Undergrad: 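Please read through the structure below; I'll follow up with questions.
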Amino acid sequence: MRDLFEAEEGAQMSLQPGAVLLRGFATVAAPQLLGDLGAVLAVSPWRHLVTPGGFRMSVAMTNCGTLGWLSDRRGYRYDPIDPDTGRPWPALPASFRELAATAAAQAGFQGFEPDACLVNRYDPGARLSLHQDRDERDFRQPIVSVSLGLPAVFLFGGIERAEKALRVPLVHGDVVVWGGPARLSHHGILPLKDGEHPLTGHCRVNLTFRKAG
DNA sequence: AAGTGTCC
DNA sequence: ACAC
């Protein structure tokens with residue numbers, strides 16, 4: 001298997017059955033995606049959510065689409081209303097929808113029409129511990145994850161949390177798609193190393209597309 | 001429990 | 001790495 005550190009832009013690599021890394025798939029679209037993200041943030045700004053255990057998440061989040069992912073003391077859920085504004089989440093920008101659908105199709109998942117995009121901002125030191133995306137209604141639909149800005153180490157494990165996770169270096173423009181047998185795989189991000197990226201500055205932005213409803 | 005603390 |  002080709003070493004993930006040396007994968008060429010445009011390469012498509014299997015991480016496990018049902019999970020694929022599309023190296024650099026979003027590089028050309030990145031400036032458009034980040035510009036459209038600015039309009040999303042003008043409506044629903046970054047915020048740090050709290051876990052059911054009462055801990056503040058190190059990753060700053062917002063959402064766009066008809067449903068947004070939330071965490072608070074009551075648990076995890078999707079909600080059509082941004083609790084910080086009392087208004088619906090901003091619509092999915094066309095650039096977001098198109099990128100998600102084409103990446104999913106490239107990975108073998110035709111007809112992906114996401115209704116939710118969770119947007120994560122990782123500042124230096126921010127991380128996301130190993131977890132499953134299991135708050136969606138239909139696990140037949142894949143997850144599409146777009147990396148922008150600073151590089152990060154993506155952890156990709158198995159259905160069972162105890163399985164050893166693969167460490168996948170992700171750079172600006174990379175897209176990871178997982179579904180089918182990998183849909184409930186555990187995944188996470190190691191603490192972000194500081195650096196500077198011409199398009200995002202000292203942070204990494206991740207767009208995670210789901211069909212939640 | 002999408003985090004934190006502790007131990008090797 | 002693992003317990004909580």
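Each chain gets a letter, A, B and so on, in the order its sequence line appears, and its residues count up from 1. Note that the structure is a prediction, hence the values are computed from the model and not measured.
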Undergrad: Which residues pass the side chain to side chain contact (heavy atoms under 4.5 Å, CB included) test with Glu136(A), not counting sequence neighbours?
TA: Tyr78(A), Asp133(A), Phe139(A), Arg183(A), Arg210(A), Ala212(A)

Undergrad: Set out, line by line, the N/O atom pairs under 3.5 Å between protein and nucleotides 5-8 of chain B.
TA:
none

Undergrad: Considering residues at least two apart in sequence or located in another chain, which fulfil the side chain to side chain contact (heavy atoms under 4.5 Å, CB included) criterion with Pro45(A)?
TA: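 Checked Pro45(A) against side chain to side chain contact (heavy atoms under 4.5 Å, CB included); matches are Arg47(A).
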
Undergrad: Quick one: list whatever passes salt bridge (Lys or Arg N to Asp or Glu O under 4.0 Å) with Asp194(A), sequence neighbours left out.
TA: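 Testing Asp194(A) for salt bridge (Lys or Arg N to Asp or Glu O under 4.0 Å), a comparison that skips the adjacent residues, returns none.
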
Undergrad: Can you give me every donor-acceptor pair (side chain of residues 174-181 of chain A, partner residue at least two apart or in another chain, under 3.5 Å) with its distance?
TA:
| unit_1 | atom_1 | unit_2 | atom_2 | d |
| --- | --- | --- | --- | --- |
| Asp174(A) | OD1 | Gly24(A) | N | 2.9 |
| Asp174(A) | OD2 | Arg23(A) | NH1 | 2.3 |
| Asp174(A) | OD2 | Val171(A) | N | 2.8 |

Undergrad: Enumerate all atom pairs, one protein N or O and one N or O from nucleotides 2-4 of chain C, separated by less than 3.5 Å.
TA:
none

Undergrad: Which donor-acceptor pairs under 3.5 Å do side chains of residues 86-101 of chain A form with protein atoms, sequence neighbours excluded?
TA:
| unit_1 | atom_1 | unit_2 | atom_2 | d |
| --- | --- | --- | --- | --- |
| Trp89(A) | NE1 | Asp79(A) | O | 2.8 |
| Ser95(A) | OG | Asp36(A) | OD2 | 2.5 |

Undergrad: Report which part of the nucleic acid Thr51(A) touches: base, sugar-phosphate, or nothing (heavy-atom distance under 4.0 Å, all strands).
TA: sugar-phosphate

Undergrad: Have a look at Asp72(A) and say if it touches a base, only the backbone sugar-phosphate, or nothing, with a 4.0 Å heavy-atom cut-off.
TA: nothing

Undergrad: Considering only residues two or more places apart or on different chains, which pairs with a residue in residues 147-167 of chain A satisfy side chain to side chain donor-acceptor pair (under 3.5 Å)?
TA: Ser147(A)-Arg204(A)

Undergrad: Of the residues in residues 112-128 of chain A, which ones touch DNA chain B at a heavy-atom distance under 4.0 Å?
TA: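 Close to the strand are Arg127(A), Leu128(A).
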
Undergrad: Only counting residues at least two apart or in another chain, list the ones meeting ring-ring contact (aromatic ring centres under 6.0 Å, His included) with His202(A).
TA: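 Checked His202(A) against ring-ring contact (aromatic ring centres under 6.0 Å, His included); zero matches.
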
Undergrad: Taking CG from Leu130(A) and C1' from dT4(B), how many angstroms apart are they, rounded to a whole number?
TA: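 In whole Å, dT4(B) C1' and Leu130(A) CG are 15 Å from each other.
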
Undergrad: So with a 6.0 Å cut-off around CD of Gln12(A), is the heavy-atom count from everything else above 12?
TA: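 Yes.
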
Undergrad: Going by ring-ring contact (aromatic ring centres under 6.0 Å, His included), name the residues that satisfy it together with His48(A), two or more places apart in sequence or in a different chain.
TA: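 Partners of His48(A) by the ring-ring contact (aromatic ring centres under 6.0 Å, His included) criterion come out as none, since no residue qualifies.
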
Undergrad: With sequence neighbours left out, write down each residue that passes side chain to side chain donor-acceptor pair (under 3.5 Å) with Thr208(A), or none if nothing qualifies.
TA: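 Thr208(A) satisfies side chain to side chain donor-acceptor pair (under 3.5 Å) with Asn206(A) only.
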
